[in-house]
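Values below: every heavy atom of this structure, side chains too, minus hydrogens, waters and symmetry copies. Small disclaimer: the values here were computed from a predicted structure and weren't measured.
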Amino acid sequence: QVQLVESGGGLVQDGGSLRLSCAASGRIFSSSAMGWFRQAPGKEREFVAAITWSGDITYYSSSVKGRFTISRDSAKNTVYLQMNSLKPEDTAVYYCAGKRIRCTDYGCYARSDLYDYWGQGTQVTVSS
């Protein structure tokens, strides 16, 4: 069983930066692809970014590409989401998730139903 704990959320001004962390327990982390999703009030959960188990390929939604960077440190069992140039529309609860199934394309990584384990979420609020 894998447990994920997010941290790093908070309140930031428009144009600011935050770095989210997701610490994983369990040996399966190193063989799991990891993703970040977010959910704003009244909206469905949406894909933000994903990284392969090896860390060599990353995927981003069009709304965050060029502003956010996902990375992982297998030695620390941690995945990160560096968020720059934040906008008020980035305000949401951000969730870390992991999956064991191997994917080969963006569509597979973006599907929340294909992820096996989830963190509890961390709130990110961007003020205008």
Side-chain angles (χ1 to χ4, degrees):
Q1 184 178 358
V2 177
Q3 291 186 323
L4 304 176
V5 179
E6 300 100 333
S7 62
L11 174 64
V12 65
Q13 289 188 332
D14 190 356
S17 298
L18 282 175
R19 187 176 82 155
L20 305 183
S21 299
C22 173
S25 63
R27 297 171 60 185
I28 201 170
F29 173 81
S30 60
S31 61
S32 298
M34 300 298 295
W36 286 95
F37 290 77
R38 67 187 182 186
Q39 187 166 19
K43 296 186 177 181
E44 294 187 352
R45 188 170 298 188
E46 66 171 353
F47 171 74
V48 175
I51 188 167
T52 56
W53 68 271
S54 60
D56 59 345
I57 302 174
T58 56
Y59 299 87
Y60 298 93
S61 69
S62 57
S63 62
V64 308
K65 195 171 186 178
R67 300 187 297 123
F68 292 10
T69 302
I70 187 172
S71 61
R72 66 189 297 162
D73 185 336
S74 295
K76 295 182 178 180
N77 272 15
T78 301
V79 63
Y80 304 96
L81 185 67
Q82 177 66 43
M83 306 185 295
N84 298 328
S85 301
L86 282 161
K87 306 174 183 179
E89 51 263 45
D90 294 317
T91 295
V93 177
Y94 282 71
Y95 297 90
C96 171
K99 63 179 359 180
R100 295 186 295 272
I101 186 172
R102 294 298 173 91
C103 291
T104 58
D105 56 53
Y106 175 94
C108 182
Y109 283 98
R111 285 179 53 182
S112 61
D113 62 314
L114 295 182
Y115 285 77
D116 302 298
Y117 34 91
W118 293 80
Q120 82 289 350
T122 185
Q123 176 70 46
V124 172
T125 303
V126 184
S127 63
S128 57

Which atom names give the shortest non-hydrogen contact between S17 and N84, and what distance separates them?
OG-OD1, 3.0 Å
Over-ring placement of R72 relative to F29, 6.0 Å and 45° cut-offs
yes
Quick one: pull up OH in Y59 and CG in D105 and give me the separation to the nearest 0.5 Å.
7.0 Å
Tell me, please, whether Y109 has K99 positioned over its six-membered ring: NZ or CZ under 6.0 Å from the ring centre and within 45 degrees of its axis?
yes
After noting the C-alpha distance and the side-chain angles of M34 and C96, does the key distance pass the side chain to side chain contact (heavy atoms under 4.5 Å, CB included) rule?
CA-CA 7 Å; M34 300 298 295; C96 171; 3.6 Å; yes
Identify the heavy atoms of V126 and T91 that sit nearest to each other, and give their distance.
N-OG1, 2.9 Å
Value for OH (Y80) from OG (S71), rounded to nearest 0.5 Å, stands at 7.0 Å
If we ignore hydrogens and angles and just use 3.5 Å, is the side chain of Q82 paired with the main-chain N or O of T69 as donor and acceptor?
no
Residue pair L20 / M83, side-chain heavy-atom distance below 4.5 Å:
yes
For the hydrophobic clusters of this structure (ILVMFWY residues joined by side-chain heavy atoms under 4.5 Å, transitively), does one cluster hold both V93 and V12?
no
Derivation and outcome, side chain to side chain contact (heavy atoms under 4.5 Å, CB included), residues R38 and D90
CA-CA 9 Å; R38 67 187 182 186; D90 294 317; 2.9 Å; yes
Give, for atom OH of Y94 and atom OG of S7, the distance between the pair rounded to the nearest 0.5 Å.
15.0 Å
Would you say Q120 has more than 12 foreign heavy atoms packed within less than 6.0 Å of its CD?
yes
Could you check whether Y117 and S32, counting side-chain N and O atoms only, form a donor-acceptor pair closer than 3.5 Å?
yes
Going by heavy atoms in the side chains, are S85 and K87 under 4.5 Å from each other?
no
Heavy-atom donor-acceptor pair, T52 side chain to I57 backbone, under 3.5 Å:
yes
Closest approach of C22 to L4 (non-hydrogen atoms, all atoms of both residues):
SG-CB, 3.8 Å
Tell me the closest heavy-atom pair linking Y95 and E6, and the distance in Å.
CA-OE2, 3.3 Å
Evaluate Y60 against R67 for side chain to side chain contact (heavy atoms under 4.5 Å, CB included), listing each step before the verdict.
CA-CA 10 Å; Y60 298 93; R67 300 187 297 123; over 6 Å; no
Determine whether F68 and L86 satisfy the following criterion, side chain to side chain contact (heavy atoms under 4.5 Å, CB included), listing intermediate values before the conclusion.
CA-CA 9 Å; F68 292 10; L86 282 161; 3.8 Å; yes
Measure across S21 and T78 and return the closest heavy-atom pair with its distance rounded to 0.1 Å.
CB-CG2, 4.3 Å
Cluster link V79 to V2, ILVMFWY, side chain under 4.5 Å:
yes
Among F37, W36, F47, whose ring-ring contact (aromatic ring centres under 6.0 Å, His included) with Y115 holds?
F37
